[in-house]
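Presented below is the structure to which this report refers.
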Amino acid sequence: MPATVHVRELTTDDLDAAGELGRFAFGSDPQRPPPAPAPAPGLTRYGAFDDAGRLVGKAVDLHHDQWWSGRAVAAADVAGVAVAPEARGRGVARALLTALLSGARDRGAAISALYPTVAAPYRACGWESAGVLRTVDLATAALPRHRPASHLTVRAGTPADLPAVAALYERVTRHRNGMLTRRGELFDAGDPGLPGDGVTLVEADGELVGYATWQRGLGYGADSVLTVDEALAVSADAARELVGVLGSWASVAPTLRLCPLDGDAVSVQLPLESARDHERDVWMHRPVDVVRAVSARGWPAHARGAVVFHLTDPLAGWNTGTWRLTVADGAAELTRADGEAELRLDVRGFALLYAGAARARSVAQAGLLECAGDADPAALDLLGVGGPAQLLDYF
């Protein structure tokens, strides 16, 4: 392969080659559906081409927003990264991701996340493992039974109920960190029908207070699984009602599969001590633009302080430099500072702190934070006061 690659946005004429590259990388069905038009709403496709004009790599920037403590932060979530086998190990992915970050910054993104098939190439480009999307299996018969509450109504959902479902999802997730807002062109262009096979609703005086979306699966024997894509509630009574409905499947679906959301109303009703991991997907994070990443998110009202540090970001040079972080009154800002800093932070360490995945002393022990003289690494805990990221969506 030639030593240079040329990265640009893909056009409609490139999509067949991109589909074939993805099929080789991910083992997808050779009978592909017709490609979506390019440009497509809510995403940007990038391709890397060799000197002969052959497509040797691709990546997609998904124009998501993520919730961070009550505020929506524009994200460039990465998917579909693939490199031709003959071109691997030659910097193609790095060139793609460099261009993707630059383009994402130009369109206003602040942060980025991805689910890697292998972490090392993304670590080399500044992403770091900061969370896990966990899918577990539970014995359906082990779910607690309860007497239906007289003040609640349980019914099957219809497409007309989907706006209320989306509003309840937002009530549960917006004050957490890292979760998709499910707003924007990508979601507006989706199928308006019911997700999965069914939606179960719980209402109080006509107001939606809980829902579960599920897929029935096949059969009714010992290996039958009820997959719950989502089960969320805004009250303990509603959560108990949902869990009771899910438990009623025990005779025909002995296994319940779902992604628990730590500390929410439904999860605290589940016998998670007996859960078995079905799948674990590592989630990686990094800033696109550190100034936006800090100013756009919400911050705990009790957090207050300031710290100066130097940040190194080899792929996104605009992030490199000495910065002063100031946090007060539920907001924060990052401003350029003069001179040297005793705390020197790698961009991967920034990702760990921002996502609440580690404290600063642990980041230092990992070699992602250097402290000169008597500098206390704990001063940078200010960057991680928002709590850990939580996940419900795979992309």
Side-chain angles (χ1 to χ4, degrees), residues 66-67 69 113 115 129-149 152 154 165 168-180 182 195-202 208-217 221-285 355-358 386-395:
Q66 297 173 9
W67 288 121
S69 298
Y115 288 100
S129 301
V132 175
L133 177 61
R134 180 178 174 229
T135 306
V136 303
D137 287 348
L138 286 165
T140 313
L143 269 59
R145 299 290 191 266
H146 82 296
R147 180 174 299 174
L152 297 176
V154 180
V165 168
L168 190 141
Y169 168 84
E170 188 163 308
R171 286 180 64 188
V172 172
T173 60
R174 69 175 297 136
H175 296 291
R176 296 172 184 263
N177 290 331
M179 306 186 73
L180 298 189
R182 299 184 184 170
D197 292 330
V199 178
T200 297
L201 306 182
V202 180
L208 186 66
V209 290
Y211 71 87
T213 63
W214 44 268
Q215 300 178 58
R216 169 62 181 88
D223 58 351
S224 181
V225 177
L226 179 73
T227 299
V228 179
D229 298 309
E230 210 156 270
L232 299 176
V234 293
S235 74
D237 284 346
R240 283 190 285 267
E241 203 78 17
L242 280 177
V243 171
V245 172
L246 296 176
S248 73
W249 287 93
S251 63
V252 291
T255 298
L256 181 78
R257 181 168 295 157
L258 80 166
C259 295
L261 183 60
D262 290 344
D264 82 308
V266 173
S267 288
V268 300
Q269 307 295 332
L270 299 175
L272 292 175
E273 72 283 357
S274 62
R276 307 182 307 276
D277 276 1
H278 170 70
E279 195 168 26
R280 293 172 63 86
D281 293 293
V282 171
W283 179 82
M284 303 184 81
H285 209 260
Q390 297 182 298
L391 312 167
L392 276 180
D393 289 287
Y394 185 86
F395 47 81

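No hydrogens, no waters, no symmetry mates; every other heavy atom, side chains included, goes into these values.
Shown are Asp197, Thr200, Thr227; of these, the side chain to side chain donor-acceptor pair (under 3.5 Å) with Trp214 is made only by Thr200.
Applying the salt bridge (charged side-chain N to carboxylate O under 4.0 Å, His left out) test to Asp264 and every residue at least two apart in sequence or in another chain returns nothing.
To the nearest 0.5 angstrom, Leu391 atom CG is 9.0 Å from Gln66 atom CD. Note: Leu208 CG to Arg171 CZ = 8.5 Å, rounded to the nearest 0.5 Å. Rounding to the nearest 0.5 Å gives a distance of 8.5 Å between CZ of Arg176 and CG of Leu392. We find the CZ-CG distance between Arg240 and Leu143 to be 14.0 Å, quoted to the nearest 0.5 Å. Note that the CG atom of Asp393 and the OH atom of Tyr115 stand 7.0 Å from one another [nearest 0.5 Å]. Between the OG1 atom in Thr173 and the CG atom in Leu168 there is a gap of 9.5 Å [rounded to 0.5 Å].
Put simply, the side chain of Asp229 never gets that close to the backbone of Pro195: no donor and acceptor are under 3.5 Å apart. In this structure a side-chain-to-backbone donor-acceptor pair under 3.5 Å is missing from Arg216 to Gly198. With Gln269 contributing its side chain and Pro144 its backbone, the two residues share no donor-acceptor pair below 3.5 Å. At distances below 3.5 Å, at least one donor-acceptor pair connects side-chain atoms of Thr140 with backbone N or O atoms of Pro254. Not one N or O on the side chain of Arg276 forms a donor-acceptor pair closer than 3.5 Å with the backbone of Ser274.
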(message) For Cys259 and Leu133: C-alpha separation, side-chain torsions, deciding distance, then whether side-chain contact (heavy atoms from CB on, under 4.5 Å) applies.
(response) CA-CA 7 Å; Cys259 295; Leu133 177 61; 4.1 Å; yes
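Taking the side chain as every heavy atom from C-beta outward, Tyr394 and Thr135 never approach each other to under 4.5 Å. For the pair Leu258/Leu246, no side-chain contact is recorded, criterion being any heavy-atom separation below 4.5 Å from C-beta on. Taking the side chain as every heavy atom from C-beta outward, Val165 and Leu201 approach each other to under 4.5 Å. With a 4.5 Å cut-off on side-chain heavy atoms, Val172 and Leu261 count as touching. No side-chain heavy atom of Val202 sits under 4.5 Å from any side-chain heavy atom of Val245. Side chains of Arg174 and Met179 form no contact here, defined as non-hydrogen atoms less than 4.5 Å apart. Side-chain contact between Asn177 and Pro388 is absent, with no heavy atoms from C-beta onward closer than 4.5 Å. Asp237 is not listed as a side-chain neighbour of Val209, based on a closest heavy-atom distance of 4.5 Å or more.
Looking at every heavy atom in both residues, Pro271 comes nearest to Ala142 through CG-O, 3.7 Å. Taking each heavy atom of Arg280 and Asp277 in turn, the nearest pair found is CD-OD2, 3.1 Å. In plain terms, the two heavy atoms of Gly178 and Trp283 that are nearest each other are O-CZ2, 4.1 Å. Residues Ala355 and Ala130 share a closest heavy-atom pair of CB-CB, 3.7 Å. Taking all atoms of both residues into account, the shortest heavy-atom contact from Leu180 to Trp67 is O-CD1, 3.8 Å. Nearest heavy-atom pair across Ala233 and Leu242 is CB-CD1, 4.4 Å.
Screening residues 242-256 for side chain to side chain donor-acceptor pair (under 3.5 Å) gives no qualifying pairs among residues at least two apart or on separate chains.
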